[in-house]
Amino acid sequence: MEESPGGPSQKKVVAVVGGGLVGALNACFFAKRGFDVELFETREDIRQAKIVRGRSINLALSHRGRQALKHVGMEEKIVSQGIPMHARMIHSLNGKQSPIPYGKKGQYILSVDRANLNKELLTGKNINGMKLMCRVNFVFLRSDGSEEQVEADLIVGCDGAFSAIRKQFLRRSRFNYSQTYIPHGYMELTMPPINGEFAMKPNYLHIWPRNTFMMIALPNLDKTFTCTLFMPFEEFEKITTGDEVIEFFQKYFPDAIPLIGVDALKRDYFRLPAQAMVSVKCSPYHIGSKCVLMGDAAHAVVPFYGQGMNAGFEDCIVFDEIMEQFNEDFSAVLPEYTRVRVPDDHAIADLAMYNYIEMRAHVNSKWFLFRKHIDNLLHFLMPKTIIPLYTMVTFTRTRYHEAVARWHWQDRSLAPKLSDVTCADDVCANGPLSDGRRGGWWGSFTASLVNCLNPVGVSGKRAK
Ligand code: FAD
Ligand code: EGU
């Protein structure tokens, strides 16, 4: 390397392993700091690839992910290519659709295209005039076992849930690791436009909650929806013919059949086998001052909170903030990153798993509507005291572990009082929700809610 007389212009080299969502964003973060970034990716160069067999076609981008994009000047660009979802749309078995807003006007999440987001992040390489060296298409650890030697000051493992970098950590002492496959798989199905228009209302996250079966649909810019069907592998395997697919949809998702189309459904169900979902937790996230894990490589979470990418993007902000704090001294930055980030990533991994178990156990459309309305009502009554968990997770940068602690606290202070009102399980089992939420039952229910909450500091008339 040439050195100018004024002093060495030797930039530190960072090797980012994995050019997926988190690796590509991280490359931008390091390039912005003036590092020489080398990016290693085993797949073909997705900037040129036509079809990318990624993990899911579209994703829900929320506040944490947006903040990270903002740090590298990419927020506006990505947001302009996303579709706002202001509410969930709950599909009942009888075809009824009920919207439940995510929050106030202006509080929404975005449906973004994974391949497009990845491409934008890999091409946004001229940040502040600094050049990012991309060596996409480069095999880091060859499958035949031979290795390419890389000389770098820091190796950042962003190589996903089955991380090869993490495998090196496993050989070391005092490295904690756990992985859990859930019994559910997922399958993606496309809902085409009808007469050139979206087949359903576009600005919603569509949800068909059916306990152990669940379907979710997010809109795409080309006016299609990508539907993701979640069910136990066992059930996927029971369905072996096109007619059985239709029979199954007739029973659980009848309103989706004409929208996806009978022939497409019969065909697409068998195109790809159902995909597995894994939850991975580990710690520490670093080795010495040389190597660190981020994104799914550090924490794969099940998708039942829509936070995997958002958490991985937030990893990048947290690392960047610690770099600032410790003057880019890796020997101080890496241990601090582990100390700060592990509790939060473990918290979101637990939350996502908790929500999976809860939804599978008893979340049908009535229960979902009921719970979300209660959440929103309590927040409305006591906006400072009670904040729904999904709000803290989705629309703030409250540390995940603090959001969980606060949620437990809210639960503890409310549960005894709520039991005064009525048993929530009874409410759903007896079906009062079906006769309209503005009717007499709902009115007296909310009145007694306000009543029992009085001691916490809400003014309202005493019902008794
Ligand atoms: P990946 O995206 O997996 O990228 C890893 C990259 O590393 C890949 O490009 C891979 O080819 C490369 N690689 C692997 N091994 C090597 C190697 N040895 N050398 C070099 N390169 C290597 N998250 C959300 O925030 N919102 C959502 O709505 C959402 N929905 C989801 C729905 C489903 C069905 C699933 C499965 C996940 C969802 N997620 C969602 C989670 C999200 O997909 C992941 O958290 C995110 O992709 C993690 O990014 P990553 O870069 O860490 O890993
Ligand atoms: C799953 C798969 C609704 C995309 C969790 C909500 C998801 C997403 C929810 C997928 C649900 C579940 C939340 C968001 C989001 C809800 C959330 C889940 C996006 C608690 C592409 N989840 N997801 N919770 O509140 O906070 O709407 O594949 F059905 S976005 Cl499972 Cl906010």
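In listed order, ligands and their atoms are each counted from 1. Numbers for residues simply follow the sequence, beginning at 1.
The shortest N/O to N/O separation between F230 and ligand 1 does not fall below 3.5 Å. For M294, no nitrogen or oxygen atom sits less than 3.5 Å from a nitrogen or oxygen atom of ligand 1, counting backbone and side chain alike. On a distance-only criterion, G306 and ligand 1 share at least one N/O pair closer than 3.5 Å. Looking at V22 next to ligand 1, an N or O pair under 3.5 Å apart turns up.
With a 4.0 Å heavy-atom cut-off, ligand 1 is reached by no atom of I165. Contact annotation: for A164 versus ligand 1, heavy atoms closer than 4.0 Å belong to the side chain alone. Heavy atoms of Y186 found under 4.0 angstrom from ligand 1 belong exclusively to the side chain.
Closest approach of N310 and G65 over heavy atoms only: OD1-N, 3.1 Å.
Distances from atom 52 (O) of ligand 1 to the heavy atoms of D296, V17, N58 put D296 nearest. Of the listed options T226, V16, L25, T42, T42 places a heavy atom closest to atom 21 (N) of ligand 1.
A donor-acceptor contact closer than 3.5 angstrom is absent between the side chains of Q81 and D113. Residues N211 and N364 bring no donor and acceptor atom of their side chains to less than 3.5 Å of each other. A side-chain donor-acceptor contact under 3.5 Å links Y177 and Q179.
For a heavy-atom separation below 4.0 Å, the residues in contact with ligand 2 are N58, A60, R88, Y102, I109, L205, I207, M214, I216, F230, P303, F304, Y305, G306, N355, M359, F368, K372, Y390, T394.
Residues F230 and F304 place their aromatic rings such that the two centres sit under 6.0 Å apart. Within the 6.0 Å centre-distance limit, the rings of F248 and F213 are counted as a close aromatic pair. Aromatic ring centroids of H184 and Y356 lie under 6.0 Å apart. Aromatic ring centres of H346 and H299: separated by at least 6.0 Å. The aromatic ring centroids of F225 and F198 lie less than 6.0 Å from each other. For F30 and F319, the ring centers are positioned less than 6.0 Å apart. Ring pair Y354/W407: centre-to-centre distance below 6.0 Å.
Per-residue contacts place G295 under 4.0 angstrom from the following atoms of ligand 1 (heavy atoms of the residue considered): 52 (O). Atoms of ligand 1 lying under 4.0 Å from any heavy atom of M309, numbered from 1 in the order shown and given with element: 23 (N), 24 (C), 25 (O), 41 (C), 42 (C), 44 (C), 45 (O). Distances below 4.0 Å separate heavy atoms of N310 from the following atoms of ligand 1: 24 (C), 25 (O). Interface of G20 with ligand 1, defined as ligand atoms under 4.0 Å from a residue heavy atom, comprises 4 (O), 6 (C), 9 (O), 51 (O). For ligand 1 and G160, the ligand atoms under 4.0 Å from any heavy atom of the residue are 3 (O), 5 (C), 53 (O). The G308 neighbourhood of ligand 1 comprises atoms 23 (N), 24 (C), 25 (O), 41 (C), 45 (O), with distances under 4.0 Å to a heavy atom of that residue.
No side-chain heavy atom of N355 sits less than 4.5 Å from a side-chain heavy atom of M353.
At a threshold of 4.0 Å, the pair R371-E358 counts as salt-bridged, since one of the basic side-chain nitrogens sits closer than that to a carboxylate oxygen.
Ligand 1 is approached by C158 to a heavy-atom distance shorter than 4.0 Å. Using 4.0 Å as the threshold, E41 has a heavy atom nearer than that to some atom of ligand 1. Residue-ligand proximity: R114 is placed with a non-hydrogen atom under 4.0 Å from ligand 1.
The CZ atom of F270 lies 7.5 Å from the CD1 atom of I239; values are rounded to the nearest 0.5 Å. Note that CG of L189 is 5.5 Å distant from CZ of F249, once rounded to the nearest 0.5 Å.
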